[in-house]
Amino acid sequence: MRDALWTTVYGIGAVQGAFLCAALLVRSAPNPLATRLLAAIVGVFTLMIVAGLLTQVLVPPLSHLVLFLNTSTELAIGPTLLLFARSLFDRARRLVRRDALHFVPLLLGVVAWGSAWLALGDGEQRLAFLDHHPAARLWVLFKACWFFGYVAATYRLLRYHERASRVHAAGRGPVDLSWLRRWLLVLSAMAAAIYLTHFAGQFGLQVPIESDPLANLVLTVTVYLAALMVLQRPWVLALQPRPAADTRWVRECARLHAHLRQQRPWLRPDLRLTDLAGELGTTENRLSTAIHEGLGTTFYALVNRYRLAEFERLAREPGSRHRSVLDLAFEAGFNSKASFYRVFREAHGTTPRAFRDAL
């Protein structure tokens with residue numbers, strides 16, 4: 001029953017991973033390298049899931065061969081993540097020969113572990129080598145250091161290039177990739193749990209779940225969430241422009257912008273969509289649809305955009321140097337410190353105080 005459950009989990013992950021990888025490869029995008037590298041990341045995850053599936057259905061010694069070769073597959077995750085992040089910031093970038101150096105340990109690992117599988121010969125010796133030999137433990141430790149080293153480098157790249165990570169898609173608002181940093185932290189936490197579970201089992205400690213099934217479950221869930229995000233909201237990664245604005249709402253949107261510029265209702269912290277609809281003489285539902293389909297944004301994002309512009313104007317005035325950042329934010333219409341700092345960081349990638357000091 002347990003083997004059947006994990007086989008089903010692996011099968012689902014393999015199918016959805018193959019589908020997502022194929023969809024990314026055939027999708028046209030302004031940044032083709034980023035799209036292909038994302039497909040490569042999904043492909044690596046899928047290969048690891050497929051390896052877990054094959055070890056469930058194949059008979060020795062083929063299942064043992066898959067186990068030995070799969071011990072090196074995860075060495076491709078870290079380098080591919082870093083190359084993917086670099087490609088997001090430089091759309092003209094192309095892969096060069098030195099990029100292949102990142103994957104030398106992967107190649108050496110495949111050769112070494114394939115040779116070990118041949119040399120051991122006996123099935124019990126192979127499993128004992130994987131489970132208890134000091135070389136196997138050192139290899140897992142090396143893989144963990146390799147993975148977390150690349151994740152740290154990728155996180156640092158995303159953090160210090162946050163302004164560059166917010167690219168404009170089809171003239172719309174900026175696409176914020178700060179979520180990618182948070183995803184890296186979650187991925188690191190999950191990987192740490194998997195490695196700790198593995199080492200606990202290696203040293204005879206009792207753990208509620210084996211590391212390999214846990215790893216494949218994490219991979220399956222990650223690929224599933226990536227499939228939902230990329231296929232339903234591809235502009236999140238700026239892999240293609242957002243859909244063009246609906247021309248039916250051009251007049252409504254022009255009237256809305258004129259009202260916001262002239263009457264400045266966004267200065268009121270308690271402004272609601274219902275209030276704005278009443279001022280424009282329309283219904284709340286129609287105004288919400290015009291903002292969403294005509295401007296490709298939400299009511300609060302639109303209002304905060306005007307408030308942010310007003311804050312920047314106030315911050316540049318010579319007479320405002322003695323005033324606090326929050327005083328200016330509240331005067332611009334923001335109703336809380338938390339929302340103001342969140343909106344400002346998403347737009348500028350820095351703090352309001354650092355922004356004003358740089359003026």
Side-chain angles (χ1 to χ4, degrees), residues 9-54 66 69-70 72-107 109-110 147 150-151 154 157-158 164-165 167-170 172 175-177 179-180 183-184 186-187 191 215-244:
V9 171
Y10 297 159
I12 293 173
V15 170
Q16 67 187 15
F19 171 74
L20 176 57
C21 189
L24 289 170
L25 289 175
V26 302
R27 183 185 294 275
S28 60
N31 192 341
L33 179 59
T35 310
R36 304 301 178 261
L37 287 171
L38 181 60
I41 294 172
V42 175
V44 173
F45 281 16
T46 305
L47 284 176
M48 296 178 69
I49 296 171
V50 170
L53 176 63
L54 292 178
V66 172
L69 295 180
N70 193 45
S72 304
T73 307
E74 62 200 78
L75 293 176
I77 298 177
T80 312
L81 282 173
L82 182 61
L83 293 175
F84 171 66
R86 288 176 178 173
S87 68
L88 288 176
F89 305 135
D90 183 6
R91 295 194 176 192
R93 191 178 191 276
R94 296 292 182 268
L95 293 179
V96 295
R97 289 185 179 180
R98 65 175 178 270
D99 291 329
L101 296 177
H102 295 288
F103 300 95
V104 169
L106 170 64
L107 178 60
V110 170
F147 172 77
Y150 271 98
V151 168
T154 306
L157 181 68
L158 293 171
S165 71
V167 294
H168 287 266
R172 299 300 189 87
V175 177
D176 185 10
L177 294 182
W179 63 270
L180 191 54
W183 177 77
L184 280 175
V186 173
L187 181 64
N216 282 281
L217 178 61
V218 168
L219 291 173
T220 300
V221 173
T222 302
V223 171
Y224 176 73
L225 295 178
L228 287 180
M229 185 272 294
V230 174
L231 298 181
Q232 294 185 8
R233 303 173 65 85
W235 58 82
V236 172
L237 289 176
L239 298 180
Q240 70 175 27
R242 288 190 181 190

Sole residue of L157, L38, L184 in side-chain contact (heavy atoms from CB on, under 4.5 Å) with L81: L184

Here the gap from L53 atom CG to I12 atom CD1, rounded to the nearest 0.5 Å, amounts to 11.0 Å

By side chain to side chain contact (heavy atoms under 4.5 Å, CB included), V26 pairs with (sequence neighbours left out) none

Looking only at heavy atoms, which two atoms of F147 and A191 are closest? And how far apart? CE2-CB, 3.5 Å

Measuring from atom CG of L83 to atom CZ of F103, what distance do you get when rounded to the nearest 0.5 angstrom? 5.5 Å

Enumerate the residue pairs fulfilling salt bridge (charged side-chain N to carboxylate O under 4.0 Å, His left out) with a member in residues 9-23, sequence neighbours excluded, ordered by first and then second residue. none

When rounded to the nearest 0.5 Å, the distance separating CZ of R86 from CG of L33 is 11.5 Å

Nearest heavy-atom approach of S72 to G109 is OG-C, 3.2 Å

Is the closest side-chain heavy-atom distance between L69 and V110 below 4.5 Å? yes

Closest non-hydrogen atoms of T154 and A85, given as atom of the first, atom of the second and distance, are CG2-CB, 3.8 Å

Between the CD1 atom in I41 and the CD1 atom in I77, the distance rounded to the nearest 0.5 Å is 9.0 Å

Where G17 and T46 come nearest, the two heavy atoms and their spacing: CA-OG1, 3.2 Å

Euclidean distance, T80 OG1 relative to D99 CG, rounded to 0.5 Å: 10.5 Å

Could you report the tightest heavy-atom contact between L24 and V42, atom names first, then the distance? CD1-CG2, 4.3 Å

Between L37 and S87, what is the shortest heavy-atom contact and its length? CD1-OG, 3.8 Å

